[in-house]
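Shown next, in structure tokens, is the structure this report addresses.
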Amino acid sequence: MKLKLNIWRQKNAKTDGKMTSYQLNHVEEDMSFLEMLDILNEDLILKGDDPVAFDHDCREGICGACSMTINGTPHGPEKETTTCQLHMRKFKDGQTINIEPFRAKAFPVIKDLVVDRNAFDRIMQKGGYISVRTGQAQDANNIPISKKNADLAMDAAACIGCGACVAACPNGAAMLFVSAKVNQFALLPQGQIERKERVIGMVNQMEAEGFGACTNHFECEAACPKSISVKFIAKLNTEYLKATLTKNSF
Amino acid sequence: MLSNFLKSTILSKILVAVTGLLLVLFIVGHTLGNLLVYLGPNAINTYALGLKKLGALLWVVRGGLIFAVLIHIIATIRLTLYNKTAKPINYTVTGYITSTFSSRTMAIAGLTILFFVIYHLLHFTLGVTNPEFMKLETNLHGENVHDVFTMMITGFRNPLVSGFYILAVSFLGLHLNHGVKSLFHTLGIAGPIFTPMIAKISTVFAIVICGALISIPISVMLRIVGGAI
Ligand code: HEM
Ligand code: FES
């Protein structure tokens with residue numbers, strides 16, 4: 001296949017970037033999107049140019065590292081698929097593809113397509129954990145948990161923290177990420193002890209990082225490679241309201 | 001308490017949803033009331049007189065509405081500006097999937113409604129733009145009362161007034177199309193069956209309200225209603 005790529009090139013966090021065009025003439029349909037970028041980078045290196053910087057790690061759709069927005073959609077056009085698992089057969093011969101970094105104030109660009117997603121880690125530090133001892137594997141089975149809650153908690157825990165929800169949201173909101181992390185614990189007995197501090201801490205950190213507010217566009221759910229449901233955002237709203245109203249200092 | 005709510009994005013959203021719900025209920029009542037114009041002068045004039053006779057209660061409702069509108073506006077303007085700063089750069093090509101024209105134009109629609117409501121109050125309620133409207137009187141079962149029917153007919157005979165009304169109500173339709181479903185989600189009512197269902201109900205509701213309100217100036221201009229005036 002032949003492809004025209006328009007890629008965001010930016011030297012570092014301090015300089016301005018711009019879209020730059022590249023032509024690729026020998027792309028195989030079976031390549032993954034990242035392999036296609038590897039080919040481009042080999043060309044660029046041979047020519048003595050700076051290769052396009054992009055994040056990647058597992059290349060098997062589980063780590064959430066591969067962050068880029070393809071034709072306006074984080075992780076590209078394929079539903080429930082990370083960029084590393086996206087294949088070139090999903091594109092047409094001769095197509096123009098725009099590749100940009102995840103966009104949000106809280107995700108500043110470091111270089112080209114690489115953005116700083118440490119804001120997510122700082123949110124996790126405010127409550128994305130439990131501090132009770134949960135024992136050995138068999139101990140987990142000693143605590144009865146309803147099937148409904150167990151399933152819901154697993155659905156929420158499917159979040160790989162890639163940040164596509166933020167990148168897709170017209171408001172740069174991180175509500176889908178935070179709601180998944182909060183609910184995965186709020187639904188289980190082990191998460192009850194820090195339940196209130198968790199939701200307040202994580203939501204307050206989310207705001208301190210400059211993530212936007214939810215206006216229910218639901219673009220996050222559509223972009224999420226793990227299809228985390230927006231119903232967790234609805235649950236987060238009431239979880240946060242209850243926690244603040246029953247907190248002593250309110 | 002209120003300032004605590006406004007400091008948090010989630011609590012602000014809950015304020016927007018609760019005040020939005022009150023405004024939705026108001027719009028339903030107001031639309032039903034206005035439709036009485038189709039039943040002739042006596043129907044709508046009796047309704048208007050009934051409202052007036054509520055006396056203190058009417059002012060409690062009005063006060064509550066004004067308070068709700070103020071909170072709705074303050075919270076939404078703050079959230080809209082905040083959200084703009086959270087997404088300073090958008091993509092060169094956008095690839096929206098689930099958001100709609102309605103959902104992306106909430107602030108513009110809201111501001112249009114606000115300007116319209118201010119004009120609407122000056123026009124029909126306070127009599128600032130047309131003081132003669134307040135002097136219109138008619139005889140209702142032997143009692144001299146404010147002639148709301150004639151006021152509506154004369155008001156909507158002006159194509160500029162009707163045009164602005166139709167434009168504003170169209171924006172209200174857009175606002176409700178996203179607003180009704182959005183408010184349930186914000187208040188935590190969501191699920192695999194409920195969420196798609198309320199989205200459809202929201203659209204139907206918006207079309208019905210918008211259609212009913214717009215039909216009034218159109219019927220007046222076509223002389224289907226109040227042809228004799
Ligand atoms: C009769 C008048 C109005 C009604 C019935 C109404 C109704 C609503 C409803 C139901 C919502 C959804 C709440 C939620 O998302 O949880 C909403 C949101 C909103 N309203 Fe209004 N509203 C009215 C007037 C206004 C005015 C005058 C403004 C602006 C100055 C405004 C601006 C907004 C904005 C910006 C949002 C947030 C959008 C979002 O969350 O996506 N509205 N409104
Ligand atoms: S590189 Fe790990 S999910 Fe794509």
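Fair warning: this is a prediction, and the values are worked out from it, not measured in the lab. Chain letters run A, B, ... following the sequence lines, proteins first, then strands; residues in each count from 1.
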Check each atom of [X] against the heavy atoms of chain B and say whether the ones under 4.5 Å are side chain, backbone, both or neither.
| X | value |
| --- | --- |
| A/Ala173 | neither |
| A/Cys220 | neither |
| A/Val230 | both |

> For A/Met175 and B/Ile10, what are the C-alpha separation, side-chain angles and deciding distance, and is it a side-chain contact (heavy atoms from CB on, under 4.5 Å)?
Replying inline: CA-CA 10 Å; A/Met175 290 286 282; B/Ile10 291 184; 3.8 Å; yes

> Of the listed residues (B/Ala86, B/Pro88, B/Gly188, B/Ser12), which shares the most heavy-atom pairs with chain A below a 4.5 Å separation?
Replying inline: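 Of B/Ala86, B/Pro88, B/Gly188, B/Ser12, B/Ala86 has the most heavy-atom pairs under 4.5 Å with chain A.
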
>> Please identify, among B/Ile89, B/Thr80, B/Thr94, the residue contributing the most non-hydrogen atom pairs under 4.5 Å to chain A.
In response: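 Of the candidates given, the most pairs with chain A belong to B/Ile89.
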
[options]: which one forms the most heavy-atom pairs within less than 4.5 Å of chain B?
| options | result |
| --- | --- |
| A/Thr215, A/Asn204, A/Thr238, A/Ile70 | A/Thr215 |
| A/Gly210, A/Ala168, A/Pro74 | A/Gly210 |
| A/Asn6, A/Thr69, A/Asn71, A/Leu236 | A/Thr69 |

If you measure from [atom1] on [X] to [atom2] on [Y], what distance do you get to the nearest 0.5 Å?
| X | Y | atom1 | atom2 | result |
| --- | --- | --- | --- | --- |
| A/Glu221 | B/Thr195 | CD | OG1 | 8.5 Å |
| A/Thr73 | B/Ile97 | OG1 | CD1 | 4.5 Å |
| A/Asn237 | B/Ile14 | CG | CD1 | 5.5 Å |
| A/Leu241 | B/Lys13 | CG | NZ | 14.0 Å |

Is [X] atom [atom1] crowded by more than 12 heavy atoms from other residues, nucleotides or ligands, each under 6.0 Å away?
| X | atom1 | value |
| --- | --- | --- |
| B/Tyr38 | OH | yes |
| B/Leu222 | CG | yes |
| A/Lys126 | NZ | no |
| B/Ile108 | CD1 | no |
| A/Met19 | CE | yes |

Expected output: side-chain [X] to main-chain [Y] donor-acceptor under 3.5 Å:
| X | Y | value |
| --- | --- | --- |
| B/Tyr82 | A/Phe211 | yes |
| B/Ser99 | A/Glu219 | no |
| B/Asn83 | A/Ala213 | yes |
| A/Glu207 | B/Thr9 | yes |
| B/Tyr96 | A/His217 | no |

>> Are there residues of residues 97-117 of chain A whose heavy atoms fall under 4.5 Å of chain B's heavy atoms? If so, which?
In response: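 At a heavy-atom separation under 4.5 Å, chain B is reached by A/Asn98, A/Glu100, A/Pro101, A/Phe102, A/Arg103, A/Ala104, A/Lys105.
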
>> Under the criterion side chain to side chain donor-acceptor pair (under 3.5 Å), I'd like the reasoning laid out for B/Thr186 against A/Asn216: C-alpha separation, chi angles, the key distance, then a yes or no.
In response: CA-CA 8 Å; B/Thr186 303; A/Asn216 301 319; 3.1 Å; yes

>> Quick one, A/Asn171 with B/Lys87, criterion side-chain contact (heavy atoms from CB on, under 4.5 Å). Give me CA distance, side-chain angles, the key distance, then yes/no.
In response: CA-CA 6 Å; A/Asn171 311 330; B/Lys87 191 94 173 182; 5.9 Å; no

>> Centre-to-centre under 6.0 Å for B/His185 and A/Phe218, is that the case here?
In response: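 For B/His185 and A/Phe218, the ring centres are under 6.0 Å apart.
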
> Considering only heavy atoms, which portion of B/Leu79 lies under 4.5 Å from any heavy atom of chain A: side chain, backbone, both, or neither?
Replying inline: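 Contact with chain A is through the side chain of B/Leu79 alone.
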
